[in-house]
Amino acid sequence: MSKTERKKSVELDPQELQAQRQIIAKMNEKNLYHMQQTGKQKKAMIVTYGCQMNEHDSEKLLGMLKQMAYEETDKREEADLVIFNTCCVRENAELKVYGNIGAFKNLKKKNTDLNIAVCGCMMQQPEIVQSIKKKYPFVDLVFGTHNIHRFPELLVNSQTANNMLVEVWEEEGEIIEGVPSMRKYGLKGFVNIMFGCNNFCTYCIVPYTRGRERSRNMNDIVEEVENLVQNGTREVTLLGQNVNSYGNTLEGDIQFADLLTELNKVEGVDRIRFMTSHPKDLSEPVIDAIAAGEKLCEHIHLPFQAGSNKVLKAMNRGYTKEGYLALVERIRAKIPNASLTTDIIVGFPGETDEDFEDTIDLVRKVRFDSAFTFLYSIRKGTPAADMLEQVDDKVKHERFNRLVNEINKISGEINAGYVGKEVEVLVEDVSKTNTEKLMGRTRQNKLVNFAGDKSLIGKIVKIKIIDAKTFSLNGEVII
Ligand code: 5AD
Ligand code: SF4
């Protein structure tokens, strides 16, 4: 029998974080001793699927692991611990997870000391946990999205347990501040400002896996940003499923625009970004705050999902095509150089050719800088899964290809308009595609490659754009 706990989350016991800290300290001692005895440091590998929220959760897990004297590795053969941080937004993400866990079966046979943990959104669904238990009994630990702060204790307990340890909280608890994680302080830092979602778009599993919406206190967020900046971070991205409804669960009348204005005052931070915005909640004060705040980048990720009003209604999105276009006009009137990106779903149940033409029409009217396009994927437990008129796969793919071509054509045209212009680039690293070059991003989040000395990494430089591609720009440093 494996030890399974599926419980409602509890009020946070003040002793809880203290207990986790003590466990971290003990593990640190144990792992350092292991290193003295063997000359080898314990190594952990985290495989992350899905959105930036998950990336950030993985960063927190890695922080805790580093405090336990684990070193990060990306080589599975040398790992003592492998964590899969899963995503269930679309079926293909899930299939990838299953395939990748399965690939560890033989490695685990060879190295019985190897620890394997699976966490994240998929684990919030009981039937998925059941199938992990059945198909992948070699997994040591399963935990969910709401109890990641208990990871140190769960890890230690799973290492001494004979069977798979499962602890998933059905519901979110209060927001937990001060989790003993030690983050990677990089040039760019992610900060959660809210968790969960109340929107229940009919295709989406997120409200069921990440729970109801709750916002962090403004002071805690400002403090975290100040701390990041003191440790070298220059660009901060605020994360939430729907950042525009930030503040709804807080006492007093605090809104997202207030948070943006407050963060714009933090000394030392150069750029502030945020995602994701829901069109129905993007208020005028937010547009004004972005227009006024010199640190707030002129880029808005504004998923529209579908162009047809009939489909938008069936999706429960809370706006119309005309309303979306009017919002874009208001944004462009106040922030003329704003770049706009979006998410689009193709083949939502009942989508006809005519409905799809509305999606194409909206893309042509707005002219997005880029877009993430998704084939509709049935998510069990969501209302859209039971809608009768599922779209034929072949039709979905044909529409998808047409849409991608249209988007790429527009992206290429927008990028070509940058040739000859000067842009401000935060230099991030050596270019991934050409190691002779450096790469960075403009305030509009455009990827720019250019020749330059590595000493420029971490600096903001002026670049003249000399060439444009669909997904990137090439430029040269202006001396
Ligand atoms: N099928 C396809 N795409 C989806 N998304 C969310 N749920 C689904 C689904 N069931 C897309 C939406 C969302 C993005 C993160 O993922 O476009 O904005
Ligand atoms: Fe999912 Fe809609 Fe919430 Fe976004 S706003 S997380 S698409 S339910």
Side-chain angles (χ1 to χ4, degrees), residues 52-53 175 189-201 212-226 228-229 235-305 312 316-343 362 366 368-369 443-445:
Q52 264 152 342
M53 203 70 102
I175 292 178
F190 293 105
V191 175
N192 293 118
I193 63 165
M194 58 177 305
F195 300 90
C197 181
N198 288 355
N199 287 316
F200 290 95
C201 301
R212 293 294 67 70
E213 180 184 304
R214 56 251 184 247
S215 298
R216 285 178 72 193
N217 284 325
M218 189 138 93
N219 289 345
D220 292 323
I221 298 170
V222 172
E223 228 170 73
E224 186 174 344
V225 170
E226 284 170 347
L228 278 169
V229 170
E235 179 180 302
V236 167
T237 302
L238 311 176
L239 295 179
Q241 306 297 346
N242 176 15
V243 289
N244 303 102
S245 56
Y246 172 78
N248 285 358
T249 59
L250 296 176
E251 274 173 29
D253 185 22
I254 296 168
Q255 292 175 4
F256 185 47
D258 304 318
L259 177 69
L260 289 178
T261 306
E262 209 48 41
L263 290 175
N264 191 58
K265 295 182 200 153
V266 175
E267 259 178 57
V269 64
D270 292 301
R271 290 176 168 191
I272 300 167
R273 303 185 185 279
F274 53 86
M275 68 189 311
T276 285
S277 290
H278 194 306
K280 80 174 164 54
D281 297 318
L282 184 71
S283 67
E284 218 55 33
V286 169
I287 301 176
D288 290 335
I290 302 169
E294 73 278 10
K295 296 171 182 176
L296 300 170
C297 288
E298 298 82 8
H299 167 218
I300 303 181
H301 185 65
L302 195 62
F304 79 83
Q305 313 296 4
L312 285 171
N316 189 30
R317 289 291 290 174
Y319 54 86
T320 59
K321 178 184 178 191
E322 294 72 29
Y324 187 92
L325 287 168
L327 172 62
V328 168
E329 242 175 64
R330 289 203 301 280
I331 293 171
R332 291 200 162 136
K334 287 186 174 162
I335 320 166
N337 56 350
S339 67
L340 286 177
T341 56
T342 198
D343 292 348
L362 201 147
V366 176
F368 292 98
D369 288 78
R443 290 175 63 94
Q444 283 76 14
N445 212 28

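- Using a 4.5 Å cut-off on side-chain heavy atoms (C-beta onward), Phe304 and Lys321 make no contact.
- Heavy-atom contacts from other residues, nucleotides or ligands closer than 6.0 Å to CD of Glu284 number more than 12.
- Here the CG atom belonging to Leu250 is positioned 5.5 Å from the CG atom belonging to Asn217, to the nearest 0.5 angstrom.
- With a 4.5 Å cut-off on side-chain heavy atoms, Ser215 and Ile193 do not count as touching.
- His301 pairs with exactly one of Asn445, Asp343, Thr342 by the side-chain hydrogen bond (donor to acceptor under 3.5 Å, both in side chains) rule, that one being Asp343.
- The environment of Glu251 atom CD is sparse: at most 12 non-hydrogen atoms of other residues, nucleotides or ligands sit within 6.0 angstrom.
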Can you list the steps and then say if Met194 with Leu238 is a side chain to side chain contact (heavy atoms under 4.5 Å, CB included)?
CA-CA 9 Å; Met194 58 177 305; Leu238 311 176; over 6 Å; no

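- Using modelled atom types, one side-chain atom of Asn198 and one backbone atom of Glu213 make a donor-acceptor pair closer than 3.5 Å.
- What you find for Asn316 and Asn199 is that their closest heavy atoms are ND2-O, 3.2 Å.
- At least one side-chain heavy atom of Arg216 sits under 4.5 Å from a side-chain heavy atom of Phe195.
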Side chain to side chain contact (heavy atoms under 4.5 Å, CB included) between Ile221 and Val191: does it pass, once the steps are laid out?
CA-CA 7 Å; Ile221 298 170; Val191 175; 4.1 Å; yes

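- Side chains of Val229 and Glu267 form no contact here, defined as non-hydrogen atoms less than 4.5 Å apart.
- Shown here are the salt bridge (charged side-chain N to carboxylate O under 4.0 Å, His left out) partners of Glu235, two or more places apart in sequence or in another chain: Arg271, Arg273.
- Val236 has its side chain out of reach of Leu263: every pair of non-hydrogen atoms, C-beta onward, lies at least 4.5 Å apart.
- Ring geometry for Phe368 versus Tyr324: interplanar angle of 30 to 60°, hence tilted.
- Taking the side chain as every heavy atom from C-beta outward, Arg317 and Pro303 approach each other to under 4.5 Å.
- Residues Ile335 and Ala291 come closest through the heavy atom pair CG1-CB, 4.1 Å.
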Stepwise, does the side chain to side chain contact (heavy atoms under 4.5 Å, CB included) test hold for Leu260 with Phe274?
CA-CA 9 Å; Leu260 289 178; Phe274 53 86; 4.1 Å; yes

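- Checking Gln52 against Thr237 by side-chain atom types alone, no donor-acceptor pair falls below 3.5 Å.
- Contact record, Arg443 with His299: O-CB, 4.0 Å, taken as the closest heavy-atom pair.
- For the atom pair Asp281 CG and Asn242 CG, the distance stands at 4.5 Å (nearest 0.5 Å).
- Side-chain contact between Val286 and Ser283 is present, with heavy atoms from C-beta onward closer than 4.5 Å.
- In this structure, Ile300 and Ile290 approach most closely via the heavy-atom pair CD1-CD1, 3.9 Å.
- The distance from atom CE of Met218 to atom CD of Glu223, rounded to the nearest 0.5 Å, is 13.0 Å.
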Residues 252-259, side-chain donor-acceptor partners within the protein, below 3.5 Å, at least two apart:
from: Asp253; atom 1: OD1; to: Gln255; atom 2: NE2; distance (Å): 3.2
from: Asp258; atom 1: OD2; to: Gln255; atom 2: N; distance (Å): 2.7

Go through it in stages, so that I can follow the logic: the residues are Asn192 and Met53, the test is side chain to side chain contact (heavy atoms under 4.5 Å, CB included), and I'd like the CA-CA distance, side-chain angles, deciding distance and then a yes or no.
CA-CA 8 Å; Asn192 293 118; Met53 203 70 102; 3.2 Å; yes

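- Asp369 pairs by the salt bridge (charged side-chain N to carboxylate O under 4.0 Å, His left out) definition with Lys446, not counting sequence neighbours.
- With Lys295 contributing its side chain and Val266 its backbone, the two residues share a donor-acceptor pair below 3.5 Å.
- For the residue pair Lys280 and Gly318, the shortest heavy atom distance occurs at CB-O, 3.7 Å.
- Of all heavy-atom pairs spanning Gln444 and Asn337, the tightest one is NE2-O, 3.0 Å.
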